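Data block below; observations after.
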2 protein chains.
Amino acid sequence: MFSNGCEYGIRALTIIGRASKEDRKVGIKEICRLAKTPESFTAKIMQNLVRRGILDSQKGPAGGFYISKDLDSITLYDIVEAIDGTGVFVSCGLGLAHCDASRPCPLHDKFASVRQELKAMCKSNTLNDLLSGLHDQVYKR
Amino acid sequence: MFSNGCEYGIRALTIIGRASKEDRKVGIKEICRLAKTPESFTAKIMQNLVRRGILDSQKGPAGGFYISKDLDSITLYDIVEAIDGTGVFVSCGLGLAHCDASRPCPLHDKFASVRQELKAMCKSNTLNDLLSGLHDQVYKR
DNA sequence: AGAATAAAAGACCTTTTAGTCTTATATTTG
DNA sequence: CAAATATAAGACTAAAAGGTCTTTTATTCT
Ligand code: FES
Ligand code: FES
């Protein structure tokens, strides 16, 4: 559904979000230890999210990643869009160049409705919402 | 959502299904011309589906692919499972090794419900259902 | 039987995704 | 300022997905 990078990104953001609630910055090592994600790859994803303004970072000692925005203002949709783009929310289920309701593929009606559910779910869930389901054991394997 | 191969497979099956209703076999060339899919790649997918019993084929002149089963007995779920496996229907949205409701990831409740919708949609739509939405222009670019 | 036809099989190539590693740059602290 | 620390950037490698091509095998038709 989502790419590996996107899944890692979401998991990492929950770790950073939780720390940010306590006004703590988190280094990439700690993020990846807790989120169980590969370090260099996750770092790259974080840097992309910083560039896109979802995340903030500070270099140097006592630096790390943090979130300055309201955790309720960052939706799952925003995160997925930033990492994977909007494809999963708009593409035709049978791979036609454009999903076009006026020229629907045989699956369009049924598929578009599921896709719409996914989109609504991602739009209505914020990073803050995810934090309530985040316990220390969650990403342990 | 689905792999390229899976999208091609579904499209190809609609072409074959329609022909099978008229007791016609279809060669790979015609299938791909109508479904707008790459020929060799689609052939490989079709052969996989034949092995899995979803599809039948006959070699030699006047041969081709056809479906001997009831078109209402082949669900979209069957097709997706045969090509992509069950991952999309069961995997954790945040990429954890197992989606486990007793140890849910922060997205579990919301994600599992969308995933369930997708699964239900695929289980309840048969190849025959898809045929009603298949017109000659559908897969034209 | 022989020629033609069409799928089957699998080796092969290309592109994208996933992931690592090294070097540079910014920031803090002594 | 110097040393230590942490992110930034980008080159690089590995694996998976996507796709092609050639050879073989089965079937039909003359
Ligand atoms: S045209 Fe295929 S999902 Fe809309
Ligand atoms: S545990 Fe993540 S979706 Fe179920």
Side-chain angles (χ1 to χ4, degrees), chain A residues 1-13 15-16 19-20 24-33 35-68 80 83-85 87-88 91 94-95, chain B residues 1-13 15-16 19-20 24-33 35-68 80 83-85 87-88 91 94-95:
Chain A
M1 190 83 77
F2 307 129
S3 70
N4 275 10
C6 191
E7 294 172 347
Y8 296 162
I10 297 167
R11 271 150 60 182
L13 281 174
I15 301 296
I16 301 169
S20 286
R24 252 190 322 115
K25 294 178 185 115
V26 215
I28 189 68
K29 279 203 188 63
E30 188 182 348
I31 293 169
C32 295
R33 186 174 50 80
K36 293 282 176 303
T37 63
E39 205 174 298
S40 294
F41 190 36
T42 307
K44 193 185 271 188
I45 295 159
M46 294 301 100
Q47 283 149 30
N48 178 34
L49 292 177
V50 168
R51 255 181 261 116
R52 289 173 179 270
I54 289 180
L55 198 56
D56 301 273
S57 68
Q58 182 159 30
K59 292 181 177 182
F65 294 92
Y66 62 101
I67 299 174
S68 55
V80 172
I83 302 175
D84 281 351
V88 72
S91 296
L94 296 190
Chain B
M1 189 84 74
F2 306 129
S3 70
N4 276 11
C6 190
E7 294 171 347
Y8 296 160
I10 297 167
R11 272 149 61 182
L13 282 175
I15 301 298
I16 302 168
S20 286
R24 248 187 329 110
K25 295 180 185 115
V26 214
I28 190 67
K29 279 202 188 64
E30 187 182 351
I31 293 170
C32 295
R33 183 172 51 79
K36 293 282 176 302
T37 62
E39 203 173 298
S40 294
F41 191 34
T42 307
K44 194 186 271 189
I45 295 159
M46 293 303 99
Q47 281 149 29
N48 178 34
L49 291 177
V50 169
R51 255 181 263 116
R52 289 171 178 271
I54 288 180
L55 197 58
D56 301 271
S57 68
Q58 182 160 30
K59 292 180 177 180
F65 294 93
Y66 62 100
I67 299 174
S68 55
V80 173
I83 302 175
D84 282 351
V88 73
S91 296
L94 296 189

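Below, chain A is the first sequence line, B the second, and so on; all start at residue 1. This structure is a prediction, so every number in the text was calculated from the model and none was measured. Note: hydrogens, waters and symmetry copies are ignored here, and every other heavy atom, side chains too, is used.
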Expressed in angstrom and rounded to an integer, what is the separation of B/Met1 atom CE from D/dA17 atom C1'?
-> 19 Å
So, is A/Asn4 near the phosphate of C/dG19, with a side-chain N or O under 4.0 Å from OP1 or OP2?
-> yes
For the pair made of CZ in B/Arg33 and P in C/dA6, what is the distance, rounded to whole Å?
-> 13 Å
Distance check: side-chain N/O of B/Tyr8 vs OP1/OP2 of D/dG19, anything under 4.0 Å?
-> yes
Whole-Å distance, A/Ile28 CD1 to D/dT5 P, equals 18 Å
Taking every non-hydrogen atom, the tightest pair across A/Phe2 and A/Val80 | CE2-CG2, 3.9 Å
Think B/Arg51 has a side-chain N or O under 4.0 angstrom from the OP1 or OP2 of C/dA8?
-> no
In whole angstroms, how far is the P atom of D/dT7 from the CD1 atom of A/Ile45?
-> 15 Å
Does A/Ser3 offer a backbone N or O that forms a donor-acceptor pair with the side chain of A/Asp84 under 3.5 Å?
-> yes
Looking only at atom types and distance, does a side-chain atom of A/Ser20 sit under 3.5 Å from a main-chain N or O of A/Ile67, one as donor and one as acceptor?
-> yes
Check whether the side chain of A/Lys44 and the base of D/dG10 form a donor-acceptor pair under 3.5 Å.
-> no
Here the distance between atom P of C/dA18 and atom CD of A/Glu39, to the nearest Å, is 19 Å
Are OP1 or OP2 of D/dT28 and a side-chain N or O of B/Gln58 less than 4.0 angstrom apart?
-> yes
Closest contact, heavy atoms only, A/Pro38 versus A/Cys32 | O-SG, 4.1 Å
Apply side-chain contact (heavy atoms from CB on, under 4.5 Å) to B/Phe65 and B/Val26, showing your working.
-> CA-CA 5 Å; B/Phe65 294 93; B/Val26 214; 5.6 Å; no
When rounded to the nearest 0.5 Å, the distance separating CD1 of B/Ile16 from CG of B/Leu55 is 4.5 Å
Rounded to whole Å, the CZ-P distance (A/Phe41 to C/dT22) equals 19 Å
Phosphate OP1/OP2 of C/dA7: any B/Gln47 side-chain N/O under 4.0 Å = no
Along DNA chain D (nearest heavy atom to each residue), the more 5'-positioned of B/Asp84 and B/Ser40 | B/Asp84
Take the protein atom CD1 of B/Ile31 and the nucleotide atom C1' of C/dA8, then report the distance between them rounded to whole Å.
-> 14 Å
Hey, can you pull the residues of residues 59-67 of chain A with a non-hydrogen atom under 4.0 angstrom from DNA chain C?
-> A/Lys59, A/Gly60, A/Pro61
Ignoring backbone atoms, test whether A/Ser57 places a side-chain nitrogen or oxygen under 4.0 Å from the OP1 or OP2 oxygen of D/dA8.
-> yes
Side chain of A/Pro38 only, please: which of D/dG18, C/dG19, D/dC21 is the nearest?
-> C/dG19
Report yes or no: does A/Thr37 contribute a side-chain atom to a donor-acceptor pair with the main-chain N or O of A/Tyr8 at less than 3.5 Å?
-> no
B/Met46 CE to C/dA7 P: how many Å, rounded?
-> 11 Å
